[in-house]
There are 2 protein chains.
Amino acid sequence: MIYDNIYFQIELTARKIRQYGQNILRSHGIDITIEQWLVLNVINDNEATNQIYIGEKLVKDKPTISRMVNQLDKKGFILKISSSSDSRQVALSISKKGKTLIHNLQPIIEGIRLKGLQELSEQENQTIKSILNKIQKNLDN
Amino acid sequence: MIYDNIYFQIELTARKIRQYGQNILRSHGIDITIEQWLVLNVINDNEATNQIYIGEKLVKDKPTISRMVNQLDKKGFILKISSSSDSRQVALSISKKGKTLIHNLQPIIEGIRLKGLQELSEQENQTIKSILNKIQKNLDN
DNA sequence: TAAAAATAGTTAGCTAGACAACTAAAATTA
DNA sequence: TAATTTTAGTTGTCTAGCTAACTATTTTTA
């Protein structure tokens, strides 16, 4: 049966995480998607980074990053500045509005994380990471 | 860091599974998506089922199922017959072409499954299922 | 240095997931 | 039985993921 399949359960869990997180953000009236938050987070950790770097970190392709970056820009959370050394590149940084958002999001994101991972022992925590990693490596080659 | 986060790893693993599977199907010249295959599979296991049932099994909403069913119909893999007892419902079944596809897909799908799960012990198999289940339950209420 | 190849990012077109709003039929209930 | 509510499915709109094809720079190499 499909629903007993590990693949199915992984995909379903991923979807439920996104749904739960998105609902929490919406309930706080925060105008950002979970995926956009991930992008914002990478920029916050690496000021003046570019889209290629974000794609590498999040393992997403160029068009996906391009569109999410544009959304964040349109919403005023980031600044796009054309790189002076390489005009193909755009240096991304967090705007003041973005800084405020990130600050306000901190406890909310942590709450989302804790909600799903409650009652997970450190042992289980390590185990699932290592198993997921094994599956990813199996599929890589 | 994001990429050390369990949520991120679950989502990433789900994406890699889909990508790997889709590539294999494409390399066999099979015109179906992984998601469409899941729908086909549910119909195959439950002849004359309806879209609501499929949605329950796959935990997807009505519009998503509706569109995937239409794709499968357009491709000729299933038959949609309006239910005589309840004209709101559409009874779905596998066409001859669909039966052939399912037959041909069997070993390919199994190969995809084994590829990712190779080197996973029965113990790990059980463990990851139970942890994923725990996370899902945590998010449910 | 001129031509070719690589790189950063965008645009277009498709499927899927999510939500809201809708149609039409069936079941409830007043 | 007439009015209300529920149910099955569809349509529209948005975001995201993926592929392919594109522009415009920058780097390589012949």
Side-chain angles (χ1 to χ4, degrees), chain A residues 8 11-27 30-40 48-56 58-75 78 80-92, chain B residues 8 11-27 30-40 48-56 58-75 78 80-92:
Chain A
F8 181 77
E11 198 270 336
L12 179 55
T13 308
R15 249 186 306 133
K16 289 194 168 179
I17 291 168
R18 183 167 12 85
Q19 279 174 36
Y20 177 80
Q22 204 62 61
N23 284 341
I24 295 293
L25 294 186
R26 192 175 20 247
S27 75
I30 292 170
D31 177 31
I32 197 172
T33 67
I34 297 286
E35 287 80 11
Q36 286 166 18
W37 176 78
L38 286 171
V39 172
L40 203 63
T49 192
N50 66 1
Q51 298 188 15
I52 296 291
Y53 181 82
I54 298 172
E56 281 166 6
L58 301 183
V59 197
K60 295 185 180 185
D61 61 9
K62 292 190 293 175
T64 298
I65 302 296
S66 175
R67 283 174 185 124
M68 285 195 288
V69 162
N70 283 338
Q71 295 281 1
L72 290 171
D73 185 35
K74 210 193 299 176
K75 291 175 182 176
I78 62 168
K80 295 174 76 171
I81 297 167
S82 184
S83 164
S84 51
S85 58
D86 184 341
S87 67
R88 288 171 307 183
Q89 292 189 39
V90 178
L92 304 167
Chain B
F8 181 76
E11 198 271 337
L12 179 55
T13 308
R15 248 185 307 130
K16 288 194 169 179
I17 290 168
R18 182 165 17 84
Q19 281 173 35
Y20 177 80
Q22 206 60 63
N23 283 340
I24 295 292
L25 294 187
R26 192 176 19 250
S27 74
I30 292 170
D31 177 30
I32 197 170
T33 66
I34 297 287
E35 287 81 10
Q36 285 166 18
W37 175 77
L38 286 171
V39 172
L40 203 63
T49 191
N50 68 359
Q51 298 188 16
I52 296 290
Y53 182 81
I54 299 173
E56 280 166 6
L58 301 183
V59 196
K60 297 186 179 182
D61 64 5
K62 292 189 294 175
T64 298
I65 301 295
S66 175
R67 284 171 182 126
M68 286 195 286
V69 162
N70 283 338
Q71 295 282 0
L72 290 171
D73 185 35
K74 209 192 302 177
K75 291 176 182 175
I78 62 169
K80 294 174 77 172
I81 296 167
S82 186
S83 164
S84 50
S85 57
D86 183 341
S87 66
R88 287 171 307 182
Q89 292 189 39
V90 178
L92 303 166

Colleague: Given atom NZ of B:Lys74 and atom P of D:dT10, what is their separation to the nearest angstrom?
Modeller: 13 Å
Colleague: Where along residues 59-69 of chain A does a heavy atom come under 4.0 Å from DNA chain D, residue by residue in number order?
Modeller: A:Lys60, A:Asp61, A:Pro63, A:Thr64, A:Arg67, A:Met68
Colleague: Considering only side-chain heavy atoms of B:Asn50, which listed nucleotide, D:dT19, D:dG17, D:dA8, is closest?
Modeller: D:dA8
Colleague: Can you give me the first and the last nucleotide of DNA chain C (5' to 3') that has an atom within less than 4.0 angstrom of a non-hydrogen atom in chain B?
Modeller: C:dT15 to C:dA26
Colleague: What distance do B:Ile81 atom CD1 and B:Gln89 atom CD have between them, rounded to the nearest 0.5 Å?
Modeller: 13.5 Å
Colleague: Rounded to whole angstroms, how far apart are CG on B:Asn23 and P on D:dC18?
Modeller: 10 Å
Colleague: With respect to the phosphate group of D:dT26, does any side-chain polar atom (N or O) of A:Ser87 fall under 4.0 Å of OP1 or OP2?
Modeller: yes
Colleague: Are OP1 or OP2 of D:dG17 and a side-chain N or O of B:Gln22 less than 4.0 angstrom apart?
Modeller: no
Colleague: Measure from CD1 on B:Ile54 to C1' on D:dG9 and round the result to the nearest Å.
Modeller: 12 Å
Colleague: What is the distance from CD of A:Gln19 to P of D:dT15, rounded to the nearest Å?
Modeller: 18 Å
Colleague: Under 3.5 Å, is there a donor-acceptor pair linking the side chains of B:Arg67 and B:Asn70?
Modeller: no
Colleague: In whole angstrom, give the distance that lies between atom CG of A:Leu58 and atom P of D:dC18.
Modeller: 12 Å
Colleague: Return the OG to CZ distance between A:Ser82 and A:Arg88, rounded to the nearest 0.5 Å.
Modeller: 11.5 Å
Colleague: Can a salt bridge be assigned to the pair A:Glu35 and A:Arg18 using a cut-off of 4.0 Å between side-chain N and carboxylate O?
Modeller: yes
Colleague: Hydrogens and angles aside, do A:Asp86 and A:Ser83 bring a side-chain donor and acceptor to less than 3.5 Å of each other?
Modeller: no
Colleague: Side chain of A:Arg15, backbone of B:Val59: donor and acceptor closer than 3.5 Å?
Modeller: yes
Colleague: Taking for each residue the nucleotide of DNA chain D bearing the nearest heavy atom, is the 5' side occupied by B:Arg18 or by B:Gln89?
Modeller: B:Gln89
Colleague: Any side-chain heavy-atom pair from A:Val39 and A:Gln36 closer than 4.5 angstrom?
Modeller: no
Colleague: If only atom types and distance count, is the side chain of A:Lys80 paired as donor or acceptor with the main-chain N or O of A:Asp73 below 3.5 Å?
Modeller: no
Colleague: Identify whether any heavy atom of A:Gln36 sits under 4.0 Å from a base atom; if not, whether one sits that close to sugar-phosphate; answer base, sugar-phosphate or nothing.
Modeller: sugar-phosphate
Colleague: Please write out the pairs of protein N or O atoms and N or O atoms of nucleotides 4-7 of chain D separated by less than 3.5 Å, giving the distance to one decimal.
Modeller:
residue: D:dT7; atom: O2; partner: B:Arg88; partner atom: NH1; Å: 2.7

Colleague: Can you tell me how far apart CD1 (B:Ile78) and CE (B:Met68) are? Round to the nearest 0.5 Å.
Modeller: 11.0 Å
Colleague: Rounded to the nearest 0.5 Å, what separation is found between the CZ atom of B:Phe8 and the CG atom of A:Leu58?
Modeller: 5.5 Å
Colleague: Using heavy-atom distances to pick each residue's nearest nucleotide on DNA chain C, tell me which of B:Ser85 and B:Glu35 is more 5'.
Modeller: B:Glu35
Colleague: Could you give the CG-to-P distance, from B:Leu25 to D:dC18, as a whole number of Å?
Modeller: 15 Å
Colleague: Find out whether B:Leu72 and B:Leu92 are in side-chain contact, i.e. whether some heavy atom of one side chain is under 4.5 Å from a heavy atom of the other.
Modeller: no
Colleague: What's the NZ-C1' distance between B:Lys16 and D:dG17, to the nearest Å?
Modeller: 15 Å
Colleague: Would you kindly give the CD1-to-C1' distance between B:Ile34 and D:dG17, to the nearest whole Å?
Modeller: 14 Å
Colleague: Between B:Gln22 (side chain) and B:Ile34 (backbone), is there a donor-acceptor pair under 3.5 Å?
Modeller: yes
